[in-house]
Participant: 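Quick one: structure below, then a few questions.
Since the model is a prediction, treat every value here as computed from it, not as a measurement. Quick note on labels: first sequence line is chain A, next is B, and so on, each numbered from 1.
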Amino acid sequence: MEIEKTYNPAKAEQTWYQYWLDKKFFKSVPDKRTPYTIVIPPPNVTGVLHMGHMLNNTIQDVLIRRARMLGYNACWVPGTDHASIATEAKVVALLKEKGINKTDLSREDFLKHAWDWKEKYGGIILEQLKKLGASCDWDRTRFTMDEPLSDAVIDVFIDLYNKGQIYRGVRMVNWDPQGLTAVSDEEVIHKEANSKLVYVKYQIEGSNDFITIATTRPETIMGDTAVCVNPTDERYAHLKGKKVIVPIVNRVVPLIFDEYVDATFGTGALKVTPAHDINDFNLGQKHQLQTIDALNPNGTISQAAGAYVGMDRFACRKQIITDLTEQGLVEKVEEIKNKVGYSERTNAVIEPRLSMQWFLKMDTVSKPALEAVLNNDVKLIPEKFINTYKHWMENVHDWCISRQLWWGQRIPAWYDAQGNTVVAKTKEEAIAKLKEKNSALNIAEVKQDDDVLDTWFSSWLWPLTVFDPNIVKRGWDKANEDLKYYYPTNDLVTAPEILFFWVARMIIAGKEYTGQKPFTNVYLTGIVRDKLGRKMSKSLGNSPDPLDLIAKYGADGVRVGMLLCSPAGNDLMFDENYCEQGRNFANKVWNAFRLIKGFTVDATIETPQSSKAAISWFENRLSEQLEIINEHYSKYRMSDALMTTYKLVWDDFCAWYLEAIKPEFIDGKAQPIDKTTYEATIQFLEALLKIMHPWMPFITEEIWHLITDRAEKDCIIVANWPSIKTNIDRKQLAEFEVSKELVTMVRNIRAQKQLSPKEQLEIIEKSDATHSYFDNTIIKLANLSAYSYTKDKVEGAFAFQIRTTEFFIPLANNINKDEEIARLTKELEYNKGFLQSVQKKLANEKFVANAKPEVIAIERKKESDALSKIKTIEEQLAVLG
RNA sequence: GGGAGAUUAGCUCAGCUGGUUCAGAGCACCUGCCUUACAAGCAGGGGGUCACAGGUUCGAACCCUGUAUCUCCCA
């Protein structure tokens, strides 16, 4: 059979993914085995695969595939999130292109468009995940707005309302004037901006004096209902009891005194606009100030402002500065840097706004969730996030859960014309409840709340409702078989950015409705940045399309590339070079297979000693390294686990083992290989393929089937993870390390003396021994004619040491005395310096008195080794004269 | 302004109980090789005042204090 020289990933990827699907290897149903479960962080239904998803989902797939091989019942639940604001914005934009305004549509018509859109374009991202090799149980695919899941969201709202945890009230919220909705604190991104700090003069009533205030928001002047200064600020003490006149609208407002004001900022005088700043709002409450809302929901100036009505807030800001300047009321304008909040979803500047919203009280429900992390019941990886988590959970604010949108779960609150409110699942139930409050109820006037719930108010139930949407209604005791079996899940892999949005809230919901944590380990990935450290973004155009990368380097290559450079919790400086390295690794594996497949087996020939030794060594080496790999996995050190695998395959297997056992060519003909060595080699290859499989699922499955014809379900995806041999011979491993050094030394000498690798050399070891286990392997690897032992020095040969042993290579015409003297002198100096430092240490009484005995023993060994080396070198120098 | 973390080779990172002259890996780099598995390769090599300044210790990349720079979170 002809095997191609380079690995071609495209075909293998297509073939095997379909094969796995057909054989239902990803499918999981509860059985006697221990489950291993991951629920996917559901990507936005509108989303397309980006580098962050790649990283995230590759890690999940590695964990799932390894668990499957370890014999767990591995279940990875996929799905998408309805992402209310992002999706609604997208649908609105699309309708606009068709000339349809959302405001012209009824709620029902809009939702119909939205669902049409979702059915047509939603979930592309899940198809893309398949290209990556994601082994999700696709039969379990869920969407956060699937009817049963939505139902559960409503159940939770009703339940928490009945428990008194949910309330409605007027609060200052983060208003997105573009999305026309409130957003939570976590959805506001604070960015540094260059702003103008305007110093405006307000006249003191009944005088020609002015008080100057500094503001970055002059367009809210029309909403001012006080001016405030610090009571300790002597500059303003004489103004006590006075009133001031707000410019533009000429409103007379009180001058108030409050500790809140920072006397050192600006002029020390603050304009108070209770409707447009949270701190001003608090001041307003405290001093019982009037509240004037000078802005409309869309960010234009409101009727109530009394001036500039209808003008956009930013246009108004400019205009008002011009107008005030003309009136001589602007003292100066300073350029400053301040933080401005932007909407995560629409990127509009957030406006603090007073409005009627629904809130969830966080103080009591968050306590068990904080404890779960502090007592390590839920482990955060890396641990450094525990502090951040603690800080947030201890300072948590009530959660604004209503959104002024249509796409999402509609709040199940109902009102009558008299302002009575009830919470109920259906209109009928609501009417019944309202009747209790209002005997004269006019049914025609009963209205449901127009708002929907925050998306996170549905995704916090994700690990519960993907398994059992009835959990809220029926309770943990009556949970279905799936939930009982898979929950709590094992690992959650997500970005630290949503630690509070999502992770904390899932723990809250889990504790509330099952009394249990939703997952045991939370692996927090970093942000994927470009190699300059910039966040990858569409606008910068610095984000490669993951599918292009897969086409170019193969899915296996990209997976390896991503994970080579991503320790947990660290941002990842992505560089295509890593994918290239991944692709090269796949090709290396491919060629190792090609070599082995090309062997001709002859059952009659005996196994050479060199191969026997190599097999024994690699058997030990494999177990030794597998132990380390398992250890890395158990600590979620993914890059380390991968790098150890990489070196085991490339260095140990390809560079040392295969070179040691591969048959020679005689007269241009490849010699056959003995059966024992061949079979051992195939076994090693299979074990290595298994260890590589979680990282490189496609190529390993491809080779697995090319090695031999296999039964229908004999696939590497369900093969057993290799076991570690019980008695690893570490002494032998150490011995081979010395042999490797010897081989390297010989190669080095060849390079220095410009000797062909084909020219055979001879090695003589100065030792009392007559042979050792790896002699023949060394002969093979270093291309020697002989390896012999002597008790005496060999004159006129090239001499060197490995550790404390002396070796000679007879090189009749190739010894340059001066060069040798220089080399040996340098080595002598180094060893003398080393000896000196060791002896200094040993001469130190305090060291000998305080250091651990093992440490002292090591130092003594170093001393004696150095002494013997020095002696040897001095002898060699003496011989050279 | 408050909090958390980081700073080790050109780059990305290890260094997990303080103990091999002040250190490791991968990539990149340099030199030599198209050697019948692989040039997507092979062999060999160079490269670091462990951010800076003090301190603790027989001994510090590691522990402590301060400084600088960067990142993130919260207000």
Participant: Expressed as a whole number of Å, how far does the P atom of B:C74 sit from that of B:U49?
Facilitator: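 Comparing P positions in B:C74 and B:U49 gives a spacing of 38 Å.
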Participant: Could you check which nucleotide pairs with B:U17 in any of the strands shown, counting Watson-Crick or G-U wobble with both distances under 3.5 Å?
Facilitator: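 Pairing partner: none.
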Participant: Can you figure out which of B:A37, B:C58, B:A14 approaches the side chain of A:Asp640 most closely?
Facilitator: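 Nucleotide nearest to A:Asp640's side chain: B:A14.
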Participant: Can you tell me which nucleotide in B:A37, B:G5, B:G2 comes closest to the side chain of A:Leu595?
Facilitator: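 Closest nucleotide among those given: B:A37.
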Participant: Could you check which of B:C38, B:A75, B:G2 has an atom nearest any side-chain atom of A:His397?
Facilitator: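 Closest nucleotide among those given: B:A75.
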Participant: Using a heavy-atom cut-off of under 4.0 Å over every strand shown, decide if A:Ala751 touches base, sugar-phosphate, or nothing.
Facilitator: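 Contact class for A:Ala751: none.
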Participant: Checking all strands, does A:Arg747 fall into the base, sugar-phosphate, or nothing category for heavy-atom contacts under 4.0 angstrom?
Facilitator: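 Result for A:Arg747 = sugar-phosphate.
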Participant: Tell me which nucleotide among B:G41, B:C72, B:U20 gets nearest to the side chain of A:Arg529.
Facilitator: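 That would be B:C72.
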Participant: Name the pairing partner of B:G66, where a pair is Watson-Crick or G-U wobble with both distances under 3.5 Å, or state none.
Facilitator: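 Here B:G66 is engaged in a pair, and the nucleotide opposite it is B:C52.
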Participant: Whom does B:G26 pair with, Watson-Crick or G-U wobble, provided both distances fall under 3.5 Å?
Facilitator: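 Pairing partner, where one exists within any strand: B:C11.
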Participant: Checking ring-ring contact (aromatic ring centres under 6.0 Å, His included) against A:Tyr657, which of A:Phe684, A:Phe736, A:Trp650 comes through?
Facilitator: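 Answer to the ring-ring contact (aromatic ring centres under 6.0 Å, His included) test with A:Tyr657 among A:Phe684, A:Phe736, A:Trp650: A:Phe684.
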Participant: Which nucleotide sits closest to the side chain of A:Thr744: B:C73, B:G44, B:A40?
Facilitator: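 Taking heavy atoms from C-beta onward, the closest nucleotide is B:G44.
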Participant: Roughly how far apart, to the nearest Å, are B:A37 and B:G18 at atom C1'?
Facilitator: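 It works out to 47 Å between them.
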Participant: In whole angstrom, give me the gap between the P atoms of B:A6 and B:C30.
Facilitator: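 After rounding to an integer number of Å, I get 35 Å for this pair.
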Participant: Any donor-acceptor pair under 3.5 Å joining the side chain of A:Glu659 to the base of B:A43?
Facilitator: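 Answer is no: no donor-acceptor pair is held.
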Participant: Watson-Crick or G-U wobble partner for B:G1, using a 3.5 Å limit on both distances?
Facilitator: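 B:C74 is the nucleotide pairing with B:G1.
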Participant: In whole Å, I'd like the distance from the CG atom of A:Leu572 to the C1' atom of B:U71.
Facilitator: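 Going from A:Leu572 (CG) to B:U71 (C1'), I get 15 Å.
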Participant: For atom C1', what is the distance between B:U17 and B:A61, given to the nearest Å?
Facilitator: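 About 16 Å, rounded to a whole number of Å.
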Participant: Have A:Thr494 and A:Tyr523 got a donor and an acceptor in their side chains that come within less than 3.5 Å?
Facilitator: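 Checked: A:Thr494/A:Tyr523 side chains show no N/O donor-acceptor pair below 3.5 Å.
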Participant: Spell out, as yes or no, whether a donor-acceptor pair under 3.5 Å connects the side chain of A:Asp556 to the backbone of A:Arg583.
Facilitator: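 Answer holds: no.
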Participant: Do A:Glu576 and A:Tyr553 have side-chain atoms, one donor and one acceptor, less than 3.5 Å apart?
Facilitator: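 Yes, a side-chain donor-acceptor pair sits under 3.5 Å.
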Participant: All N/O contacts under 3.5 Å from nucleotides 23-30 of chain B to the protein, with atom names and distances to one decimal?
Facilitator:
unit_1	atom_1	unit_2	atom_2	d
B:A25	O2'	A:Lys647	NZ	3.1
B:G26	O2'	A:Gln581	OE1	3.4
B:G26	O2'	A:Gln581	NE2	2.4

Participant: Is the closest side-chain heavy-atom distance between A:Val373 and A:Met393 below 4.5 Å?
Facilitator: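 The answer is no, as the side chains (C-beta and beyond) never meet within the 4.5 Å cut-off.
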Participant: When the distance from CG of A:Leu499 to C1' of B:A4 is rounded to whole Å, what number comes out?
Facilitator: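 In whole Å, B:A4 C1' lies 13 Å from A:Leu499 CG.
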Participant: Report which part of the nucleic acid A:Arg637 touches: base, sugar-phosphate, or nothing (heavy-atom distance under 4.0 Å, all strands).
Facilitator: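 Base, at least one base atom sits under 4.0 Å.
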Participant: Please name the pair of heavy atoms, one in A:Arg594 and one in A:Glu4, separated by the smallest distance, quoted to 0.1 Å.
Facilitator: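 Nearest heavy atoms, A:Arg594 then A:Glu4: CD-O, 3.3 Å.
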Participant: Could you tell me how far apart A:Phe665 (CZ) and B:A37 (P) are, to the nearest whole angstrom?
Facilitator: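 Result: 5 Å.
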Participant: Under 6.0 Å from the six-membered ring centre of A:Trp656 and within 45° of its axis: does the NZ or CZ of A:Arg621 meet both?
Facilitator: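 Here A:Arg621 fails the 6.0 Å and 45° test against A:Trp656.
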Participant: Confirm from the modelled atom types if A:Lys5 and B:C38 form a donor-acceptor pair under 3.5 Å, side chain to base only.
Facilitator: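 Check fails, no donor-acceptor contact within cut-off.
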Participant: Provide the distance between the two C1' atoms, one in B:G47 and one in B:A53, to the nearest whole Å.
Facilitator: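 After rounding to an integer number of Å, I get 27 Å for this pair.
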Participant: Step through it carefully: locate the ring centre of A:Trp695, locate the ring centre of A:Tyr633, and say whether they are under 6.0 Å apart.
Facilitator: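 Yes; A:Tyr633 has its ring centre under 6.0 Å from that of A:Trp695.
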Participant: If the C1' atom of B:C11 is compared with that of B:A4, how far apart are they to the nearest Å?
Facilitator: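 My reading of the C1' atoms in B:C11 and B:A4 gives 27 Å.
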Participant: Answer with base, sugar-phosphate or nothing: what part of the nucleic acid does A:Gly833 contact at a heavy-atom distance below 4.0 Å?
Facilitator: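 Here A:Gly833 touches the bases of the nucleic acid.
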Participant: Would you confirm whether A:Ser611, through its side chain, and A:Thr677, through its main-chain N or O, come within 3.5 Å as a donor-acceptor pair?
Facilitator: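 Absent.
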Participant: For B:G10 and B:G46, measure between their C1' atoms and round to the nearest Å.
Facilitator: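 Comparing C1' positions in B:G10 and B:G46 gives a spacing of 13 Å.
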Participant: From the list B:G5, B:G3, B:A37, which nucleotide is the closest neighbour of the side chain of A:His391?
Facilitator: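 Per side-chain heavy atoms of A:His391, the pick is B:G3.
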Participant: Can you tell me, in whole Å, how much space there is between the C1' of B:A9 and that of B:C22?
Facilitator: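 Here B:A9 and B:C22 have their C1' atoms 14 Å from each other.
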Participant: In whole angstrom, give the distance that lies between atom CG of A:Leu755 and atom P of B:C33.
Facilitator: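 Atom CG in A:Leu755 sits about 14 Å away from atom P in B:C33.
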Participant: Among B:C58, B:A40, B:C73, find the nucleotide with the atom closest to the side chain of A:Phe500.
Facilitator: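 Closest of the options to the side chain of A:Phe500: B:C73.
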